[in-house]
Participant: 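Submitted below is the structure of interest, expressed as structure tokens.
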Amino acid sequence: MIVRTLQWTDFPGVADLFFSRFDEIPTNPDLGLPVPPERPTLGEEAEWFGREQKEILEGNRVTVVAEEGGKLLGMATVWRLNSHAEHRHGGELAIHVLPGARGKGIGEQLMNEVLKLCVGKFEMVRLTVWSINERAQKLYRKHGFVECGRLPRAIKRGDRYMDQVMMWRPLPQPSA
Ligand SMILES: CC(C)(COP(=O)(O)OP(=O)(O)OC[C@H]1O[C@@H](n2cnc3c(N)ncnc32)[C@H](O)[C@@H]1OP(=O)(O)O)[C@@H](O)C(=O)NCCC(=O)NCCS
């Protein structure tokens with residue numbers, strides 16, 4: 001298994017990873033990721049992938065993937081929230097590993113690599129995670145994230161409410 005930066009040729013794997021949410025949710029209602037009401041078309045996915053690539057090329061996104069034998073197993077990404085002078089030092093992180101590949105240290109390696117590549121691009125990284133998502137919170141704490149707030153009942157899946165937990169960590173400056 002290798003962890004590397006995203007390439008244009010990763011589109012099929014990235015689309016499969018995104019579509020896996022729709023397949024997983026019926027059997028895993030605890031999946032800590034939002035699922036759009038409608039499955040996007042492959043064309044819509046391609047448009048989204050193109051926009052992501054543009055952000056990477058312009059230095060506003062860092063994305064890494066885990067790959068084994070040509071199959072994409074997971075992805076972590078940090079993007080610049082907006083370009084305003086007061087906000088552009090901050091990034092937001094998201095991570096997703098395919099269901100069958102979880103609990104084997106892939107999330108760990110993706111976090112190591114994406115945070116390493118963020119040094120010099122971002123000064124702080126924030127994220128939100130659902131209160132029931134213990135596995136993700138544990139991973140984030142291990143990588144220096146601390147909870148900085150909680151929005152009660154921000155998430156509702158079916159009849160179940162969950163809090164949205166906000167976490168952040170500073171990043172070292174390149175010279176440090
Ligand atoms: C959260 C996620 C990215 C973690 O990736 P992963 O590859 O499964 O994680 P790892 O195998 O690297 O393990 C990370 C830590 O979680 C622990 N862990 C593994 N399985 C666990 C479980 N069932 N419950 C709690 N912790 C668990 C590991 O032991 C490890 O901690 P430790 O080594 O310090 O003891 C992955 O599970 C995932 O994609 N989940 C669905 C999407 C999601 O929730 N994304 C985050 C949204 S905020």
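First listed ligand is number 1; within each ligand, the first listed atom is number 1.
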Participant: With heavy atoms of Leu139 as the reference, note each atom of ligand 1 found under 4.0 Å away.
Facilitator: 4 (C), 14 (C)
Participant: Determine whether any protein heavy atom is located less than 4.0 Å from atom 1 (C) of ligand 1.
Facilitator: yes
Participant: Please verify whether a non-hydrogen atom of Leu127 lies at under 4.0 Å from ligand 1.
Facilitator: no
Participant: What residue and heavy atom of the protein are closest to atom 47 (C) of ligand 1, and at what distance?
Facilitator: Gly32 O, 3.6 Å
Participant: Measure the distances from the heavy atoms of Tyr140 to every atom of ligand 1 and state whether one is below 4.0 angstrom.
Facilitator: yes
Participant: At under 4.0 Å between heavy atoms, which part of Ile95 makes contact with ligand 1: side chain, backbone, both or neither?
Facilitator: both
Participant: Please state which protein non-hydrogen atom is closest to atom 12 (O) of ligand 1 and give its distance, to 0.1 Å?
Facilitator: Glu108 N, 2.9 Å
Participant: Identify the protein heavy atom lying closest to atom 39 (O) of ligand 1, giving its residue, its atom name and the separation to 0.1 Å.
Facilitator: Val97 N, 2.7 Å
Participant: Assess whether a salt bridge exists between Glu92 and Arg80, defined as any Lys/Arg side-chain N lying under 4.0 Å from an Asp/Glu carboxylate O.
Facilitator: no
Participant: May I ask you to decide whether Glu58 forms a salt bridge with Lys54, counting only side-chain N to carboxylate O separations under 4.0 Å?
Facilitator: yes
Participant: Taking only Lys NZ, Arg NE, NH1 and NH2, and the carboxylate oxygens of Asp or Glu, determine whether Arg21 and Glu24 approach each other closer than 4.0 Å.
Facilitator: no
Participant: Please determine if Arg135 and Asp30 form a salt bridge, counting it only when a charged side-chain N lies under 4.0 Å from a carboxylate O.
Facilitator: no
Participant: Looking at atom 35 (O) of ligand 1, would you say a protein heavy atom lies below 4.0 Å from it?
Facilitator: yes
Participant: What pair of heavy atoms forms the shortest contact from Asp163 to Arg153, and how long is it?
Facilitator: OD1-N, 3.1 Å
Participant: Considering both backbone and side-chain atoms of Glu134, is one of its nitrogen or oxygen atoms within less than 3.5 Å of a nitrogen or oxygen in ligand 1?
Facilitator: no
Participant: Report, in ascending order of atom number, the atoms of ligand 1 lying under 4.0 Å from any heavy atom of Thr128.
Facilitator: 48 (S)
Participant: Could you tell me, atom by atom, which parts of ligand 1 come under 4.0 Å of a heavy atom of His96?
Facilitator: 39 (O), 42 (C)
Participant: Should one rank Gln164, Met75, Lys142 by closest heavy-atom distance to atom 33 (O) of ligand 1, which comes out on top?
Facilitator: Lys142
Participant: Does the protein come close to atom 15 (C) of ligand 1 - that is, does one of its heavy atoms sit below 4.0 Å from that atom?
Facilitator: no
Participant: Pick one of side chain, backbone, both or neither for how Arg102 approaches ligand 1, counting any non-hydrogen atom pair under 4.0 Å.
Facilitator: both
Participant: Is there a side-chain contact between Phe49 and Val14 in this structure, where contact means two heavy atoms from C-beta onward sitting under 4.5 Å apart?
Facilitator: yes
Participant: What protein heavy atom sits nearest atom 8 (O) of ligand 1, and how far away is it?
Facilitator: Gly103 N, 2.9 Å
Participant: To the nearest 0.5 Å, tell me how far Gln164 CD sits from Ser131 OG.
Facilitator: 9.5 Å
Participant: Should Asn133 be counted as touching ligand 1, given the test is an N or O pair under 3.5 Å?
Facilitator: yes
Participant: Inspect the surroundings of CD in Glu38 and state if more than 12 heavy atoms from other residues, nucleotides or ligands are less than 6.0 Å away.
Facilitator: no
Participant: With rounding to the nearest 0.5 Å, note down the distance linking CZ in Phe11 to CD in Glu45.
Facilitator: 6.0 Å
Participant: Checking side chain to side chain contact (heavy atoms under 4.5 Å, CB included) against Met75, which of Ile95, Leu110, Val114, Leu17 comes through?
Facilitator: Leu17
Participant: Checking Arg61 against Thr77: is there a side-chain donor and acceptor pair closer than 3.5 Å?
Facilitator: yes
Participant: Nearest heavy atom to atom 21 (C) of ligand 1: which of Lys138, Arg135, Met111, Met167 does it belong to?
Facilitator: Arg135
Participant: Let me confirm one number: the NZ-CG distance from Lys104 to Leu73, rounded to the nearest 0.5 Å.
Facilitator: 8.0 Å
Participant: What protein heavy atom sits nearest atom 11 (O) of ligand 1, and how far away is it?
Facilitator: Gly105 N, 2.6 Å
Participant: Only heavy atoms count here, so choose which of Ala136, Ala76, Pro99, Gly107 is nearest to atom 5 (O) of ligand 1.
Facilitator: Gly107
Participant: Under 4.0 Å, heavy-atom basis, I'd like to know which part of Leu31 is in contact with ligand 1: side chain, backbone, both or neither.
Facilitator: side chain
Participant: Tell me whether Lys104 has any N or O atom under 3.5 angstrom from an N or O of ligand 1.
Facilitator: yes
Participant: Could you tell me whether Arg160 atom CZ has more than 12 heavy atoms of other residues or ligands within 6.0 Å of it?
Facilitator: yes
